[in-house]
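Heavy atoms only: backbone and side chains are in, while hydrogens, waters and symmetry mates are out. Please read all numbers here as calculations on a predicted model, not as lab measurements.
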Amino acid sequence: MREEQIEKLRGVVRDCVSKHLYSSAIFFADKVAAVTADPADIYMQAQALYLGRHYRRAFHLLNASQIVLRDLRFRYLAAKCLEELKEWDQCLLMLGDGNVDEHGNIIDTKECSSMYLDKDGEDREINIISAICFLRGKAYEALENRSQARLWYKAAIKADPLCYEALECLIEGHMLSCEEETNLLATLQFFPKDGWLSSFYSCLVKKYEKENVVETKFKELEVEVANTKTPGKSLCTLKNNTDLLACKAEYYHQCGEYQKCFELTSILLEKDPFHLKCTLVHLAAAMELGHSNELYLMSCNLVKDYPQKALSWFAVGCYYYCIKKYDQSRRYFSKATSLDGTFAPAWIGYGNAYAAQEEGDQAMSAYRTAARLFPGCHLPSLYIGMEYMRTHSFKLAEQFFMQAQAICHSDPLVYNELGVVAYHMKEYKNAVWWFEKTLANVPSSLSEMWEPTLVNLAHALRKLKTSHFIGVIKDVLVLFRRYNEAIAYYEKALALSTRSLSTYAGLAYTYHLQDNFTAAITHYHKALWIKSDDQFCTEMLTLALQDECQVDTNPKVGTVRSQLFT
């Protein structure tokens, strides 16, 4: 067979692979390799076998060649065959020895060159070392050694920032805390022309910064740039990119702007109905808004299209959770975890379904499993703390809330729960500090979601007393100052929601404590308009009316004020 015929057959093999005619590719690659015995042709034959799902045969071909011990690409492809065969220990042995430090830096590497394979004229290739590190991470994760998997994923993305799959595993698997994600991105060495990629990666990680900071990141990617190849003809922009818009929807969900999130994901899913990341955010927003019909339709379509994906059965669990059928919800969340044990939302949903029926032990078990599997996710610790708080174990609750705060420094929900715990323990000064920190960490403008925080802060201010002043007169002045602050926060809460019994009752009681009986009576009436049989407001309204009458007859008498100092 002449050289030109061999070269023509190589072209046929490449064309068969591009057209997914793998049997044809295997047939012709086998003939070329038999004639030439060239390592590059043997590799081409093994690659055709791998793509045709003949993993055992491809591995045998590579392993029979002594080149596998000297060329990284041969070794990597052989390890990929073992990956498909689920022989994880053998996969690690094939990849060879390797060490990585706690920061994901490769040490003591025994590299061998890629001797026989050129780059086929490609401008940019993923570093083979990066691909090997990523495969090591996959193997360790399959062997449930997630700590080693995390280190090798970090090594993969550090070896080559274009290895997106490694970053995806770190983010989707919640392997890193917020701070660790930020530090990792800061260490990546991008090429000068890859600045857009650095910005895009910063949008993919957890987003708890202020709204203007996050919006600036999105605008950097959405800016329109002239196409240098065809000047004046078109503009290059990622403004309508589905992945970027899905990141923006995820940010809206984190901010509690569920309606805004739902509207954006609905538009995205019309454009790309099978974008699974966007689908997950859409399900979460629909859950928060109580859109059970949307959840039903989504779950039916997902189960039909992706019956083996955890996301599909998670969607079914979300539907049943939304309609308060928690037994069925647990069953489907459990099925999702059995299909993919690393799917964090299913573990959280599984625990929440137990918690909704006050089955604390089972809920805690699910949350603890999630905390072990996903060390970079603060939600399991947060929910464990909530369960302890439900059983009035406030000290234990505080410990787990602090753990959640250590993992994620910026989530305002964590600070809110710490404030609630301090309030229950009658540590009102600490409660005020935590609630104020909550409001300071809210990334966007206050929405109805944060109305309870404002009310809780006002309650804490109302109860806050000070013993740093000598004399009753000075103490009274301090108390009046805190009451005015409390009233201001109650009014802010009313600006967000006018249907809160607690807000009106707290505001009325604060006015009552200030001996402003007219305002107190007005707000007690407003509270009773929301719930006419509320015992506290009914009794306090009666007392306020009596106090007002007593003040009219004897201005020196103030029942509530006199009780305050007893």
Side-chain angles (χ1 to χ4, degrees), residues 102 146-147 150 170-171 173-186 202 205-211 213-214 250-251 253-256 284 344-345 347-348 351-352 355 360 363-364 366-444 446-447 449-457 459-461:
E102 59 182 2
R146 290 176 64 82
S147 59
R150 180 173 68 250
L170 289 168
I171 294 171
H174 298 281
M175 292 184 170
L176 303 176
S177 66
C178 293
E179 186 178 0
E180 287 172 332
E181 286 180 347
T182 304
N183 292 339
L184 176 63
L185 291 185
S202 69
V205 299
K206 299 180 182 73
K207 298 170 279 292
Y208 287 101
E209 300 101 331
K210 286 294 183 182
E211 185 177 25
V213 176
V214 178
E250 192 175 44
Y251 175 67
H253 184 270
Q254 286 182 358
C255 292
W347 284 108
I348 299 294
N352 287 352
M364 296 279 246
Y367 294 143
R368 285 196 175 97
T369 302
R372 176 175 56 82
L373 291 174
F374 314 111
C377 182
H378 67 290
L379 294 179
S381 296
L382 181 65
Y383 286 126
I384 291 172
M386 288 179 177
E387 279 301 297
Y388 276 123
M389 194 160 62
R390 186 176 62 80
T391 58
H392 303 291
S393 302
F394 299 124
K395 283 295 182 183
L396 283 170
E398 185 179 39
Q399 288 178 19
F400 281 96
F401 289 144
M402 291 304 293
Q403 284 182 21
Q405 191 266 339
I407 296 169
C408 183
H409 299 295
S410 307
D411 188 355
L413 286 174
V414 178
Y415 294 113
N416 181 73
E417 296 305 315
L418 283 164
V420 173
V421 166
Y423 184 90
H424 280 299
M425 293 193 296
K426 304 187 186 306
E427 297 173 359
Y428 300 120
K429 187 176 181 180
N430 288 340
V432 168
W433 191 83
W434 287 119
F435 288 135
E436 287 177 342
K437 198 164 180 63
T438 300
L439 298 175
N441 278 277
V442 173
S444 58
L446 292 178
S447 62
M449 174 184 177
W450 302 106
E451 182 261 347
T453 302
L454 291 168
V455 175
N456 289 338
L457 175 54
H459 286 339
L461 285 166

Interatomic spacing from [atom1] in [X] to [atom2] in [Y] - rounded to 0.5 Å:
X      : Y      : atom1 : atom2 : value
Glu181 : Met175 : CD    : CE    : 12.0 Å
Leu439 : Trp450 : CG    : CH2   : 8.5 Å
Tyr367 : Ile384 : OH    : CD1   : 9.0 Å
Leu446 : Leu454 : CG    : CG    : 5.5 Å
Leu418 : Glu427 : CG    : CD    : 11.0 Å
Ser410 : Gln405 : OG    : CD    : 9.0 Å

Quick check: closest heavy atoms across [X] and [Y], and the distance to 0.1 Å?
X      : Y      : answer
Ala344 : His174 : CB-CD2, 3.6 Å
Tyr251 : Pro443 : OH-CB, 3.6 Å
Pro380 : Ile348 : CG-CD1, 3.9 Å
Gly351 : Ala363 : O-CB, 3.4 Å
Cys255 : Met449 : O-SD, 4.1 Å

Test item: [X] side-chain N/O and [Y] main-chain N/O as donor-acceptor pair under 3.5 Å:
X      : Y      : value
Arg146 : Leu373 : yes
Glu417 : Leu382 : no
Lys206 : Thr182 : no
Asn416 : Pro412 : no

Q | Counterpart residues, ring-ring contact (aromatic ring centres under 6.0 Å, His included), relative to Phe400 (two or more places apart) | A |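 Listed in chain order: Tyr388.
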Q.
According to ring-ring contact (aromatic ring centres under 6.0 Å, His included), who are the partners of His253, at least two apart in sequence or on a separate chain?
A.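 His253: ring-ring contact (aromatic ring centres under 6.0 Å, His included) contacts with Tyr258.
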Q: Mind running side-chain contact (heavy atoms from CB on, under 4.5 Å) on Lys437 and Phe435 for me, showing each step along the way?
A: CA-CA 5 Å; Lys437 198 164 180 63; Phe435 288 135; over 6 Å; no
Q) In terms of ring plane angle, is the pair Trp434 and Tyr415 parallel, tilted or perpendicular, where the classes change at 30° and 60°? A)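 Judged by the thresholds at 30° and 60°, the geometry between Trp434 and Tyr415 is parallel.
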Q.
Tell me whether the rings of Tyr423 and His459 are parallel (<30°), tilted (30 to 60°) or perpendicular (>60°).
A.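 Judged by the thresholds at 30° and 60°, the geometry between Tyr423 and His459 is tilted.
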Q: Go through the steps to decide whether Leu457 and Leu461 satisfy the test side-chain contact (heavy atoms from CB on, under 4.5 Å), and finish with yes or no.
A: CA-CA 6 Å; Leu457 175 54; Leu461 285 166; 4.1 Å; yes
Q) For Leu170 and Leu184, what are the C-alpha separation, side-chain angles and deciding distance, and is it a side-chain contact (heavy atoms from CB on, under 4.5 Å)? A) CA-CA 11 Å; Leu170 289 168; Leu184 176 63; 3.7 Å; yes
Q.
Enumerate the side chain to side chain donor-acceptor pair (under 3.5 Å) contacts for residues 394-404, please, sequence neighbours excluded, ordered by first and then second residue.
A.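 Those involving residues 394-404 do not exist here.
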